[in-house]
Amino acid sequence: MHSLDNIIWSALTTRQTEFAESFSQARRFMPDVTALGAFREPTLQGYESLAGLVGTKSPVALFLDEPYQRRARWEFIVGAPLLQMVCENGNALLTSQADSEPELVVLGDADSPEMIELTALTKPGPFGKRTHELGTYLGIRREGKLVAMAGERMKVPGFTEVSAVCTHPEHTGHGYARILMAEVMRRIRSRGETPFLHVREDNVRAIELYRRLGFSQRLRLHFAVLRKDEG
């Protein structure tokens, strides 16, 4: 199996085990890190293991090979087709930062409330108060306010995910996403790793940017957010 297959499981059983909670055939990130979870295989045992891992008030987000099919004990909250894209071309748009480009700042614990506020507004995907601990997150500030960010989320051998690429709607049109992604990708490449990402299939504008940056589609997946029934 390729390390990018069953990516959440792969991350939680290889490079990011310190963030994992486990029960039988299921794994999940600690809830305050991110809502992402997975099982070894999408079987009855897999879903039963996941049910033993999550509480009734804590949703879990899965990446599935097929659209989610209704199952007992689970409430489907939301879902969408998802593309996994990989940047095999290390020379794509990874130019040095120009003098006219905005300053990029490394984001940390003190920035977490603003990061959560920005991701709640722009909805790039699950983001918790400790998501920034998964890797380096960079931001752009205007008049002291965080207006754009991007960073690293899941990591597996040889690959690191570019994630949480978002810009405040009042600050779009300045190329902030491209600038931030190029630097995040440069840092990933400098470690001898390959950047990859996930994006909703209907996010045409973002996909166009990612293709210009050198990403190409590897897989079509299905994102599903579930909550365990109280009964």
Side-chain angles (χ1 to χ4, degrees), residues 4 7-8 11 34-36 61-65 67 77-95 97 101-102 104-105 107 114-128 131-132 134-142 145-156 159-189 193-225:
L4 292 180
I7 181 61
I8 302 172
T34 181
L36 296 176
L62 307 176
F63 290 178
L64 303 171
D65 291 334
I77 301 174
V78 68
L82 196 71
L83 302 184
Q84 182 184 88
M85 304 182 74
V86 180
C87 183
E88 300 286 358
N89 178 8
N91 297 319
L93 218 73
L94 299 185
T95 57
Q97 187 170 327
E101 291 185 352
L104 307 185
V105 296
L107 304 173
E114 283 187 280
M115 298 170 79
I116 291 173
E117 181 180 356
L118 183 59
T119 54
L121 176 66
T122 57
K123 303 187 186 310
F127 199 92
T131 302
H132 64 278
L134 295 174
T136 299
Y137 280 81
L138 303 176
I140 294 173
R141 292 187 175 276
R142 283 290 174 260
K145 180 180 179 180
L146 182 66
V147 299
M149 59 179 269
E152 303 169 354
R153 185 173 61 176
M154 288 187 282
K155 299 179 179 181
V156 296
F159 297 85
T160 290
E161 181 191 28
V162 181
S163 185
V165 181
C166 55
T167 303
H168 192 287
E170 295 178 1
H171 294 269
T172 58
H174 301 289
Y176 291 163
R178 176 191 61 79
I179 294 166
L180 286 161
M181 286 189 68
E183 177 59 18
V184 172
M185 293 164 65
R186 186 194 67 77
R187 294 180 181 217
I188 293 171
R189 288 284 185 192
E193 300 171 7
T194 299
F196 73 101
L197 55 79
H198 296 93
V199 58
R200 282 178 58 126
E201 189 177 47
D202 59 3
N203 194 346
V204 177
R205 184 176 178 182
I207 292 170
E208 289 176 352
L209 169 63
Y210 301 157
R211 292 193 187 281
R212 290 198 301 272
L213 285 167
F215 286 89
S216 59
Q217 179 179 336
R218 179 179 179 270
L219 289 175
R220 185 176 188 266
L221 303 170
H222 298 271
F223 177 64
V225 179

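Computation of the quantities below employed the complete heavy-atom set of this structure, encompassing side-chain atoms and omitting hydrogens, waters and symmetry-equivalent molecules.
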Checklist entry - Would Phe196 and Ile7 count as a side chain to side chain contact (heavy atoms under 4.5 Å, CB included) if you check the C-alpha gap in whole Å, the side-chain angles of each, and the deciding distance to 0.1 Å? => result CA-CA 11 Å; Phe196 73 101; Ile7 181 61; 3.7 Å; yes

Item to check | Approximate separation, where rounding is to 0.5 Å, of Thr136 OG1 and Leu104 CG | outcome: 12.0 Å

Could you tabulate the donor-acceptor pairs under 3.5 Å formed by side-chain atoms of residues 197-209, not counting sequence neighbours?
residue: His198; atom: ND1; partner: Glu161; partner atom: OE2; Å: 2.8
residue: His198; atom: NE2; partner: Gln84; partner atom: NE2; Å: 3.2
residue: Arg200; atom: NE; partner: Asp202; partner atom: OD1; Å: 3.1
residue: Arg200; atom: NH2; partner: Asp202; partner atom: OD2; Å: 2.8
residue: Glu201; atom: OE1; partner: Arg220; partner atom: NE; Å: 3.4
residue: Glu201; atom: OE1; partner: Arg220; partner atom: NH2; Å: 2.9
residue: Glu201; atom: OE2; partner: Arg220; partner atom: NE; Å: 2.8
residue: Asn203; atom: OD1; partner: Ala206; partner atom: N; Å: 3.3

Next on the checklist: Tell me whether the count of non-hydrogen atoms from other residues, nucleotides or ligands lying under 6.0 Å of CD in Glu117 goes above 12.
Outcome noted: no

Item to check | Worked verdict on Arg178 versus Glu101 for salt bridge (charged side-chain N to carboxylate O under 4.0 Å, His left out) | outcome: CA-CA 11 Å; Arg178 176 191 61 79; Glu101 291 185 352; 3.5 Å; yes

Item to check | side chain to side chain contact (heavy atoms under 4.5 Å, CB included) between Leu221 and Asp65, intermediate numbers included | outcome: CA-CA 5 Å; Leu221 303 170; Asp65 291 334; 3.7 Å; yes

Next on the checklist: Applying the side chain to side chain contact (heavy atoms under 4.5 Å, CB included) criterion to Leu4, which one of Val86, Thr194, Leu219 satisfies it?
Outcome noted: Val86

Next on the checklist: Go through it in stages, so that I can follow the logic: the residues are Glu114 and Arg141, the test is salt bridge (charged side-chain N to carboxylate O under 4.0 Å, His left out), and I'd like the CA-CA distance, side-chain angles, deciding distance and then a yes or no.
Outcome noted: CA-CA 11 Å; Glu114 283 187 280; Arg141 292 187 175 276; 2.7 Å; yes

Next on the checklist: Taking the side chain as everything from C-beta on, heavy atoms only, tell me whether His168 gets closer than 4.5 Å to Lys145.
Outcome noted: yes

Item to check | Side-chain heavy-atom pair Met149, Pro124 within 4.5 angstrom cut-off | outcome: no

Next on the checklist: Can you list everything that forms a side-chain contact (heavy atoms from CB on, under 4.5 Å) with His174? Sequence neighbours excluded, please.
Outcome noted: Tyr176

Checklist entry - Yes or no on side chain to side chain contact (heavy atoms under 4.5 Å, CB included) for Leu107 and Leu146, after CA distance, side-chain angles and deciding distance? => result CA-CA 10 Å; Leu107 304 173; Leu146 182 66; 4.1 Å; yes

Checklist entry - How far does NZ of Lys155 sit from CG of Leu134, to the nearest 0.5 angstrom? => result 7.5 Å

Checklist entry - Listed by chain and number, what are the side-chain hydrogen bond (donor to acceptor under 3.5 Å, both in side chains) partners of Tyr137, not counting sequence neighbours? => result none

Item to check | Where Pro81 and His222 come nearest, the two heavy atoms and their spacing | outcome: CA-ND1, 4.1 Å

Checklist entry - So do Cys166 and Thr119 actually touch side chain to side chain, heavy atoms under 4.5 Å? => result yes

Checklist entry - If every non-hydrogen atom of Thr167 is compared with every non-hydrogen atom of Ala177, which pair is closest and at what distance? => result OG1-N, 4.2 Å

Checklist outcome for this item: Smallest heavy-atom separation, Leu121 atom then Pro169 atom, equals CD2-CD, 3.5 Å

Checklist entry - Is the shortest heavy-atom distance from the side chain of Pro195 to the side chain of Val184 under 4.5 Å? => result no

Checklist entry - Which atom names give the shortest non-hydrogen contact between Tyr210 and Met181, and what distance separates them? => result CE2-SD, 3.3 Å

Checklist entry - side chain to side chain contact (heavy atoms under 4.5 Å, CB included) between Val165 and Leu180: does it pass, once the steps are laid out? => result CA-CA 8 Å; Val165 181; Leu180 286 161; over 6 Å; no

Next on the checklist: So which atom in Ala61 and which in Ile8 form the shortest heavy-atom distance, rounded to 0.1 Å?
Outcome noted: O-CD1, 4.1 Å

Checklist outcome for this item: CZ of Arg211 to SG of Cys87, rounded to nearest 0.5 Å, is 12.0 Å

Item to check | side-chain hydrogen bond (donor to acceptor under 3.5 Å, both in side chains) between Glu193 and Thr160, intermediate numbers included | outcome: CA-CA 7 Å; Glu193 300 171 7; Thr160 290; 2.5 Å; yes

Item to check | Side-chain heavy atoms of Arg187 within contact of Leu138, under 4.5 Å | outcome: yes

